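Worksheet: one structure, shown below.
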Amino acid sequence: MLRQLHTLDRLASEEKGYPPLVFVHGGYTHSACWDVNFLPYFQALGFNCYAVDLSGHGKSAGRDKLNSFGLDHYADDVGHLVAGLDADPVLIGHSMGAVVVQRYLEKSPAKAVVMMAPCAATGLAASGAQLAIRQPDFIGRSRTRRARRVHCQYGQSDA
């Protein structure tokens, strides 16, 4: 099933023959996380940069069905984006996005791959449970701190 996907396209002002860069976000975020530093930086160096909102994330369709998507769906999202490119890309995945990139590579090629802080394919439940046992008050403190920080930084955002 083809889903409507949103991508951020940041094209280089001058063609230098570099492979395209495809950025894949992690869980609980979307393509705009790459637009703060990575996309502008590599675009200025002459790379064509693309960041995809995986199904159910950001501006891509499927938010109401988010819990029905899995790694295969997300790998298909990456494949859909890559199919529209002129050359095999360098795939850059963060956290869950790195696992999505791994799943994509099971069936399709890439020029190169960068995996930034990849999470385990089994998820983060085990490490979360260990954290809860070893430092039970950490999660409560963290939520309070994060809530204040998010409100201050993003309180007026429409995202």
Side-chain angles (χ1 to χ4, degrees), residues 1-12 18-132 138-139 142-143 146-147 149-150 153-154 157-159:
M1 176 175 88
L2 183 61
R3 294 172 293 279
Q4 181 184 0
L5 297 175
H6 174 262
T7 61
L8 292 176
D9 300 343
R10 302 294 184 249
L11 305 180
Y18 297 151
L21 304 181
V22 171
F23 294 83
V24 183
H25 64 79
Y28 312 108
T29 189
H30 51 83
S31 63
C33 72
W34 299 106
D35 213 16
V36 176
N37 294 304
F38 289 88
L39 299 182
Y41 176 80
F42 286 105
Q43 178 187 27
L45 291 176
F47 289 90
N48 290 331
C49 301
Y50 306 88
V52 62
D53 278 340
L54 298 171
S55 291
H57 295 80
K59 295 180 181 176
S60 286
R63 180 174 296 276
D64 57 330
K65 301 177 203 154
L66 180 61
N67 292 331
S68 69
F69 297 122
L71 293 176
D72 288 330
H73 296 106
Y74 297 146
D76 290 344
D77 292 347
V78 172
H80 180 72
L81 171 59
V82 169
L85 301 177
D86 293 334
D88 285 343
V90 174
L91 300 174
I92 302 163
H94 174 255
S95 188
M96 180 193 79
V99 179
V100 171
V101 166
Q102 288 176 333
R103 185 63 58 96
Y104 169 83
L105 290 171
E106 291 175 3
K107 298 179 183 176
S108 302
K111 182 84 171 171
V113 176
V114 176
M115 295 188 191
M116 299 171 59
C119 69
T122 56
L124 299 175
S127 61
Q130 286 180 0
L131 180 63
F138 176 80
I139 294 175
S142 208
R143 282 186 184 151
R146 187 175 341 131
R149 189 170 49 240
V150 168
Q153 292 177 351
Y154 302 106
S157 174
D158 61 355

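Computed from a predicted structure; not experimentally measured. The chain is numbered in sequence order, starting from 1.
Here the closest non-hydrogen pair linking His57 and Thr29 is CD2-O, 3.3 Å. The shortest heavy-atom contact between Val99 and Cys119 is CG2-O, 3.0 Å. The heavy-atom pair separating Ser60 from Leu54 by the smallest distance is CB-O, 3.7 Å. Of all non-hydrogen atoms in Arg10 and Asp35, the two that sit nearest each other are NH2-OD2, 2.7 Å. Taking both residues in full, the closest heavy atoms of Lys59 and Asp53 are given as N-OD2, 2.8 Å, listed atom of the first, atom of the second, then distance. Closest non-hydrogen pair, Leu39 versus Ala51, comes out as CD1-CB, 4.1 Å.
Remark: Glu106 CD to Asp72 CG distance equals 7.5 Å, nearest 0.5 Å. The structure places NE2 of His80 at 9.5 Å from CD of Gln4, a figure rounded to the nearest 0.5 Å.
The aromatic rings of Phe23 and Phe42 lie tilted to each other, with the angle between the two planes from 30° to 60°. Ring geometry for Trp34 against Phe38 counts as perpendicular: the plane angle is over 60°, on a 0 to 90° scale with 30° as the lower cut.
For the pair Leu71/Val100, a side-chain contact is recorded, criterion being any heavy-atom separation below 4.5 Å from C-beta on. The shortest side-chain heavy-atom distance between His73 and Ser55 does not fall under the 4.5 Å cut-off. Taking 4.5 Å as the limit, some side-chain heavy atom of Leu85 sits within range of a side-chain heavy atom of Tyr50. You'll find the side chain of Leu91 reaches within 4.5 Å of the side chain of Val82, heavy atoms only. When side chains are defined from C-beta on, Leu5 does not count as touching Leu81, because their heavy atoms never get closer than 4.5 Å.
Side-chain atoms of Ser31 do not come within 3.5 Å of backbone N or O of Val52 as any donor-acceptor pair. In this structure, the side chain of Gln43 engages the main chain of Leu11 through a donor-acceptor pair within 3.5 Å.
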#### Entry: Worked check of side chain to side chain contact (heavy atoms under 4.5 Å, CB included) between Ile92 and Leu21
CA-CA 7 Å; Ile92 302 163; Leu21 304 181; 4.3 Å; yes
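Residue Asp64 qualifies as enclosed at atom CG: its count of foreign heavy atoms under 6.0 Å is above 12.
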